[in-house]
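To start, the structure under review is shown below, and the notes come after it.
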Amino acid sequence: MTADASTLKHTPLFERHREAGARLVDFSGWAMPLHYGSQMEEHHQVRRHAGVFDVSHMTVVDVTGADAYAYLRRLLANDIARLEPGGALYSCMLDERGGVIDDLIAYDLGGGAFRLVTNAATREKDLDWMATQADGRAVALVVRDDLAMLAVQGPQARALTLPLLPHSLRGPARELAPFRAAQGQVAGGEWFVARTGYTGEDGFEVLLPAERAPEFWDALLEAGVAPAGLGARDTLRLEAGMALYGQDMDQSTTPLETGLGWTVAWKPAERDFIGRAALEAQRAAGVKVKQAGLIMEGRGVLRPGMAVHTPAGEGVVTSGGFSPTLGRAIALARVPMDTGERAEVVVRDRREPVRVVRPPFVRHGKPLV
Amino acid sequence: MSEIPKDLLYTETHEWVAIEDGIATCGITDFAQDQLGDIVYVELPEAGSAVGAGEVCGVIESVKAASDLYAPVSGEVVEVNQDLTDAPELINKDPYGDGWLFRVKMSDPSETDALLDAARYEQFVVEES
């Protein structure tokens, strides 16, 4: 499990992780911190105070050109027409069959320019697909590998981060509403601050010049923000009921089957986004499965791939683990549409009872289930 | 480098054993708990049950994965660490002390010959990691 860091890609913060004693793992070809000692403590730090994640391995693509707007309205299942400059939108990018190529956040940078932040594991596939769809259009796709990305999350995250931002960005960043972003050219390059995240807590995602990332990281730690690894990031997003690409959805599933129907913009009816026809056909025929949350009643841990038995038929755990906030195992599962409030999961040959709930499990530090 | 007390015996599946008057106290090593990460749940053999050396006798679940627990020696389980039910993190915090797992009344004292001493276990860990 310990990564041979020499053959892997490094983020600008690799040395910081190593110095902090991180357990480094191979995440889609990147040497990334799984934890810095205790995944559980990092999880609690984010729920109760503030933590920072290095997410510089994610793919940032700027979309510009005369056709950028029209291109993205075709490329994405959600509709960027809903955005104003400074706004952010969560969306799936679908293939013609409605299968999810990736999920992403689209930011309206103003002036007809947009920024997409997509997953690291799907980088080549995403970039190929985007380039293919851009063919023949006046669209420029620029991958921003010159930027690092840090997610500062937790109830104290914004207050602790604001004084560390470049002066000119502090005011705009302080005023940001959820899912809004501010950017600025400052000495040393381009900074971008968004009030977004993947933990169910308040906070910022900050993009900044890669060479400035180590000092910004140091300043955050100095201010009392705890470094947090991908392990805590996974349990935090699971508690928040947020889907993980490659586990909870992929190209063999549609948004309608994976709890992401709310991200599909059906109106206006004439907007012909890729996958629309397939989704409409699926909706007309009736969607057979849905995403549900599971809470284990007894002891033990739910894991991806475990079989789910319900009176309405079989399902499968897509993400599962121990919830540090709830102190018991939780999961996201794909189950028959008619699943009721009870089910059983096969845990090592034993059928364990679970309660079926609607995610999220935890939001802003508070259990919801 | 993880801690490997000199006065204990070890298995290649990363359990430790302390033997006194034919009673073997068993746990998992510092190396094992470090590899597993935060432990959230343990399933141990019941007191009074029989375990066999090298056989699966329980499960340790961490935030990362579920791992089988192997009995280092054969015999009857005479005591189980009840504190772990509510505080499995004791295994992370003190794997050779408060994080012990269970005690076995050994049925075959010669089984200790198959266990590793600290030096050989350390060598094994180095080769494996």
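Model, not experiment: these values are computed from the prediction. Each chain gets a letter, A, B and so on, in the order the sequences are listed, and its residues count up from 1.
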With a cut-off of 6.0 Å (strictly less than), are more than 12 heavy atoms of other residues, nucleotides or ligands near [atom1] of [X]?
{"X": "A:Glu41", "atom1": "CD", "result": "no"}
{"X": "B:Glu128", "atom1": "CD", "result": "yes"}
{"X": "A:Arg358", "atom1": "CZ", "result": "no"}
{"X": "A:Glu19", "atom1": "CD", "result": "yes"}

Return the OH to CE distance between B:Tyr41 and A:Met296, rounded to the nearest 0.5 Å. 7.0 Å
Under 4.5 Å between any side-chain heavy atoms of A:His35 and B:Lys64, yes or no? no
Non-hydrogen side-chain atoms of B:Glu43 and A:Arg348 separated by less than 4.5 Å: yes
A:Gln39 to B:Asp38 - nearest heavy-atom pair and separation: N-OD2, 2.8 Å
Which heavy-atom pair separates B:Val40 from A:Met40 by the least distance, and what is that distance? CG1-CE, 3.3 Å
Less than 4.5 Å to any heavy atom of chain A: does that hold for the side chain of [X], its backbone, both, or neither?
{"X": "B:Val42", "result": "neither"}
{"X": "B:Ser62", "result": "backbone"}
{"X": "B:Asp34", "result": "both"}

Answer with side chain, backbone, both or neither: which region of A:Arg299 has an atom nearer than 4.5 Å to a non-hydrogen atom of chain B? both
